[in-house]
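For reference, positions follow the sequence shown, starting with 1. No hydrogens, no waters, no symmetry mates; every other heavy atom, side chains included, goes into these values.
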Amino acid sequence: MKTIRAFMRQHYPAMILSFSIPVVLMIVAYYSIGIYPGSERSILATDSFAQYANFHASFKNVLQGKQSIFYTWSGSLGLNYWALAAYYLNGLFTPLVGLFDNATMPDTIYYLTLLKFGASGLSFWFFAQHTFKLDRWLTVGLSISYALMSYAVGYSVVIMWLDTFVYLPLIVWGIHRLFEQKKPVLLFSSYLLLFISNFYMGFMVGVFTFLYAIIRTLCNWSEYKGQFLSYLGTSLLAGGASMITVLPAVIDLRTNGESLSPMYTFLTPDTGPWDFIAKNMVGVYDTSKYESMPFIYIGLIPLIFCVYYFLSKEVAWKEKIGYGSLFLLLIASVYVYPLNLFWHGLHVPNMFLFRFSFLVSFLVILLAGYGLERFKKEDSDRLVNGVLGIIGIFLLFVFFSNKKRYDVITMESLILTIGLLLIYLSIWLLWVSKYKVKKWIPVVLLILMIGEAGYNARSMVVGILSDWGYPSRILYTKNYEETKQLIEQTNQKEESFFRLENLDVESLNTSFNFGSHGVSMFSSIRNRHSSQYLNALGFRSLGTNLTIEYVNNTLLADTLVGMKYNLAKDDLMKFGYKKVSSAGEYTLYENEYALPLGILTDDKIYEPTAVQNQTELFNHLSGMEGELFSFGEAALIETENAIVTEGKTLTIAEEEPALPKQVTWLVTVPAKSQGYLSLVAKDMAEAVSVNVDLRVDGVSRKTGLINTGQYYNLGYYDEPTTVEVTAAFSEGKQKVELYRPDAVFLNTERFKTAAEKMQEKGIEIQTQGRTAKASVSLNKEQVLLTTIPYDRGWKVLIDGEPAEITTFKDAFLSVKLPAGKHDIEFIFLPQGFVLGASLFGSCILIFSGCLWWRKKRQSEAVK
């Protein structure tokens with residue numbers, strides 16, 4: 001303890017600077033584009049807005065006891081929350097959301113982001129302080145460079161990846177402590193915390209550090225060969241202990257429809273030969289979408305001395321070969337597609353490409369540290385040659401690179417990069433000179449490194465602003481309290497489970513924020529089986545089912561999934577929905593034809609060809625036959641900025657660019673009917689970014705053409721009514737090709753009769769946390785069908801005895817019930833959790849036992 005206090009007294013200024021300077025530089029960078037606590041512009045760019053803000057808000061709900069840590073009813077009808085948290089939320093800093101209100105989540109994410117940048121700098125300082133013999137100011141400078149490397153700032157919108165940069169230096173330091181001092185605690189705890197925090201990034205770091213440990217062992221074979229088995233044992237025990245979160249998450253991905261990506265090519269598409277050169281310049285941001293270059297910049301001082309490391313005579317050739325091979329592997333992994341895919345867990349990344357490229361940055365600064373401590377005055381010529389060589393390569397890049405691909409490289413970046421290289425070289429030569437002024441050089445060098453890191457950080461956030469846009473805070477906060485108020489009203493009114501959706505939200509994950517029960521979701525952790533069947537029922541979820549959308553479906557779908565309430569800013573125009581309350585711009589509507597969570601039916605629903613769509617399922621559950629829908633003509637009457645070609649398909653081309661293509665149809669809706677306009681793109685890939693703003697009777701709603709369902713609501717009418725419906729197509733390409741639009745009419749009298757028959761068979765189910773309970777009294781054997789998404793973690797008890805779950809379409813839970821009175825209970829526990837928890841406890845006990853045994857042997861040896 002005394003040693004620790006003495007260390008803190010000696011080094012606290014450097015520790016404070018290593019933490020605070022990255023924080024201050026990011027504060028300045030964000031402030032320069034108008035982001036600060038309470039600012040109009042929020043930090044919630046792209047996934048941060050759509051996913052992390054809402055998921056962090058849901059974790060606050062968990063801390064308050066409003067939701068189970070194992071299961072959430074909020075998104076996509078219901079989901080394994082334990083697996084979701086393993087990917088999105090398990091960081092050491094996440095529980096801090098408990099200190100803030102969900103309404104201020106933009107500021108909460110801002111504070112957490114800054115905290116993680118500071119923690120990364122401090123973490124690297126501890127590693128560098130115990131690894132390199134360097135001037136204290138230079139150690140601080142390297143820590144700042146590490147914390148603000150381009151990858152960290154450029155991908156900062158994915159806030160959970162930032163935790164990786166806190167643990168990576170500690171893991172490598174832990175390897176050193178194990179090899180050199182036979183102390184495995186730091187390595188074990190750092191590996192464990194990383195794997196639990198984010199198994200995805202943990203995989204990349206695990207592979208990298210395993211290779212690093214092999215290289216370090218081979219380079220120091222006689223000294224470290226005896227410790228390599230200790231490294232393997234420590235790593236395996238840490239990995240085993242992390243199975244408490246990793247195993248359920250991996251099982252969830254594998255059993256819920258996730259598949260590996262095919263290796264369709266040898267060379268990675270959209271890469272260029274000069275990518276690594278271009279992205280080593282100061283302040284270069286291209287994009288974090290598709291066709292991006294890897295983010296590898298970590299500072300010019302690290303670059304200079306990484307190059308020097310390979311030029312120095314002080315470095316053994318086997319070390320150069322070992323670490324050089326690791327460099328070559330990482331570089332090859334960018335260009336060789338199978339290697340690229342391997343680093344991503346054999347899964348093609350959805351934008352944010354080359355997610356392993358931070359390992360290149362870390363290896364650069366790691367070898368730079370080794371190079372710095374080996375530098376001597378007599379090696380000045382090698383340093384000069386190295387810097388001039390770097391400058392020469394940059395100049396070759398300027399003259400010979402493809403200007404179209406590398407148009408992001410500005411003259412400002414080039415001049416600044418070369419200028420700083422020359423300044424750093426001059427300073428270093430001055431440092432090894434005999435002049436007395438050299439004692440101030442480390443401070444000057446630190447100031448320059450701070451300026452360079454700050455400039456690059458600002459360039460990254462400006463790039464994100466241009467690439468993705470930092471959204472206005474009002475998109476998150478506007479109507480937040482009113483929405484919360486209305487949702488709380490429904491919770492107080494309803495005793496049984498119900499579902500609610502908001503038709504006017506900016507994010508598909510809003511239900512996570514408020515703890516409401518919805519259909520929509522956007523998440524990498526999802527139940528693909530249930531999403532695929534929901535897509536068949538009309539809730540759009542295509543491709544790999546990353547998203548599922550509630551809007552633009554029919555009343556049948558609302559009834560089937562138990563959609564009891566809708567929130568909307570404009571008139572809902574839905575049959576069976578009545579206005580029950582309002583707050584601010586929002587009105588709350590209640591659906592009198594919503595089903596409860598369960599319904600009784602027969603085992604014919606299990607037949608392979610049965611109930612393939614919403615109409616068939618509706619008829620089967622109601623016991624009725626016949627058509628619920630009829631079809632009519634949508635007559636084209638007017639266009640604006642649109643050249644329309646009609647045939648089997650409808651092609652809408654623009655007259656003037658950058659303006660919406662507007663088409664108006666006339667539709668006559670029969671009496672007692674709910675009308676819809678069916679809009680379907682002929683080529684989904686061609687229409688991927690097309691938005692549709694549909695206006696009917698003064699009500700306007702904007703959605704994505706391929707993201708949402710095909711049935712655009714025209715309203716309910718008691719009498720035959722002719723309505724004008726105008727669709728404005730924006731963004732996307734110059735023309736849109738649709739299948740010829742149909743008018744679709746739902747016979748509401750038949751719908752009402754069928755829905756009421758279904759409600760008579762409905763079973764109210766009470767949900768609490770990870771359980772769902774119901775009671776039934778049956779005259780004959782029947783099937784209880786629920787709209788709870790099937791997951792292997794579910795178990796069912798009938799009268800307290802385990803029973804067999806029979807899946808419906810691999811999508812929903814159902815169970816066969818014998819005649820009589822029964823109490824049914826569904827209980828969820830993530831598959832693999834029990835085994836993972838056992839491994840967690842046993843691996844920690846084994847590791848603790850090994851520590852005790854080792855300590856005992858050391859004590860006996862001393863005696």
Side-chain angles (χ1 to χ4, degrees), residues 124 127-135 138-139 142 145-146 149 168-183 186-187 204-232 235 276 280 296 298-333 339 356-387 389-390 393 428:
F124 189 87
F127 162 71
Q129 179 65 28
H130 291 87
T131 303
F132 310 126
K133 296 177 182 178
L134 301 174
D135 181 273
L138 190 54
T139 302
L142 290 178
S145 295
Y146 172 78
M149 59 180 159
L168 177 54
L170 299 180
I171 290 169
V172 177
W173 180 22
I175 293 173
H176 294 179
R177 283 173 63 86
L178 176 61
F179 282 2
E180 296 163 8
Q181 303 174 40
K182 299 181 180 179
K183 295 180 178 180
L186 178 61
L187 179 62
M204 300 177 199
V205 171
V207 172
F208 173 81
T209 51
F210 172 71
L211 296 174
Y212 176 78
I214 290 177
I215 292 169
R216 193 165 178 84
T217 301
L218 293 175
C219 291
N220 302 274
W221 179 252
S222 59
E223 185 179 355
Y224 294 156
K225 63 181 180 180
Q227 293 304 312
F228 188 72
L229 287 179
S230 294
Y231 164 77
L232 288 179
S235 304
F276 276 82
N280 263 306
I296 56 171
I298 196 169
L300 295 178
I301 288 292
L303 178 62
I304 290 170
F305 282 93
C306 178
V307 172
Y308 171 78
Y309 174 87
F310 290 99
L311 297 177
S312 174
K313 286 184 176 180
E314 298 293 319
V315 179
W317 63 268
K318 56 185 178 181
E319 290 186 23
K320 294 179 182 178
I321 293 175
Y323 295 123
S325 299
L326 188 52
F327 257 129
L328 290 175
L329 174 64
L330 292 171
I331 293 170
S333 297
L339 289 175
F356 60 90
S357 61
F358 68 92
L359 299 171
V360 176
S361 301
F362 181 79
L363 189 56
V364 167
I365 201 168
L366 174 68
L367 298 186
Y370 291 138
L372 277 164
E373 65 179 1
R374 285 174 168 84
F375 178 72
K376 297 178 181 178
K377 179 181 179 180
E378 49 268 28
D379 288 332
S380 296
D381 288 345
R382 294 179 185 274
L383 184 67
V384 171
N385 292 337
V387 173
I390 294 171
I393 291 173
W428 224 269

Closest contact, heavy atoms only, [X] versus [Y]:
| X | Y | value |
| --- | --- | --- |
| Gly386 | Val307 | CA-CG1, 4.3 Å |
| His176 | Tyr212 | NE2-OH, 2.6 Å |
| Val364 | Cys306 | O-CB, 3.6 Å |
| Leu178 | Gln227 | O-OE1, 3.5 Å |
| Tyr231 | Phe210 | OH-CA, 3.2 Å |
| Ser361 | Ile298 | O-CD1, 3.3 Å |

Quick one, [X] and [Y] - any side-chain contact, counting heavy atoms below 4.5 Å?
| X | Y | value |
| --- | --- | --- |
| Phe228 | Leu218 | no |
| Asn280 | Ile390 | no |
| Ser145 | Ile301 | no |
| Val172 | Phe127 | yes |
| Phe124 | Leu168 | no |
| Leu329 | Leu339 | yes |
| Met149 | Tyr146 | yes |
| Val315 | Phe310 | no |

Give a yes or no on whether the ring-centroid distance for Phe305 and Tyr370 is below 6.0 angstrom.
->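 Not close enough - the centres of the two rings lie 6.0 Å or further apart.
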Verify whether the ring centers belonging to Trp428 and Tyr308 lie closer than 6.0 Å.
->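 Centroid separation for Trp428 and Tyr308: 6.0 Å or greater.
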After noting the C-alpha distance and the side-chain angles of Leu229 and Leu232, does the key distance pass the side-chain contact (heavy atoms from CB on, under 4.5 Å) rule?
-> CA-CA 5 Å; Leu229 287 179; Leu232 288 179; 4.2 Å; yes
Could you state the interatomic distance from [atom1] ([X]) to [atom2] ([Y]), rounded to the nearest 0.5 Å?
| X | Y | atom1 | atom2 | result |
| --- | --- | --- | --- | --- |
| Trp317 | Glu319 | CH2 | CD | 11.0 Å |
| Ile215 | Ile321 | CD1 | CD1 | 11.5 Å |
| Leu328 | Ser333 | CG | OG | 10.5 Å |

Can you check whether Tyr309's main-chain N or O pairs, donor with acceptor, with Ser312's side chain at less than 3.5 Å?
->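 Such a contact is absent between Ser312 side chain and Tyr309 backbone.
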Among Lys376, Arg382, Lys320, salt bridge (charged side-chain N to carboxylate O under 4.0 Å, His left out) partner for Glu314 =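 Exactly one pass, corresponding to Lys376.
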Derivation of the side-chain contact (heavy atoms from CB on, under 4.5 Å) call for Leu142 and Leu134 | CA-CA 10 Å; Leu142 290 178; Leu134 301 174; 3.8 Å; yes
Salt-bridge criterion met for Arg216 and Glu180 (N-O under 4.0 Å) =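 Between Glu180 and Arg216 there is a salt bridge, with a charged N closer than 4.0 Å to a carboxylate O.
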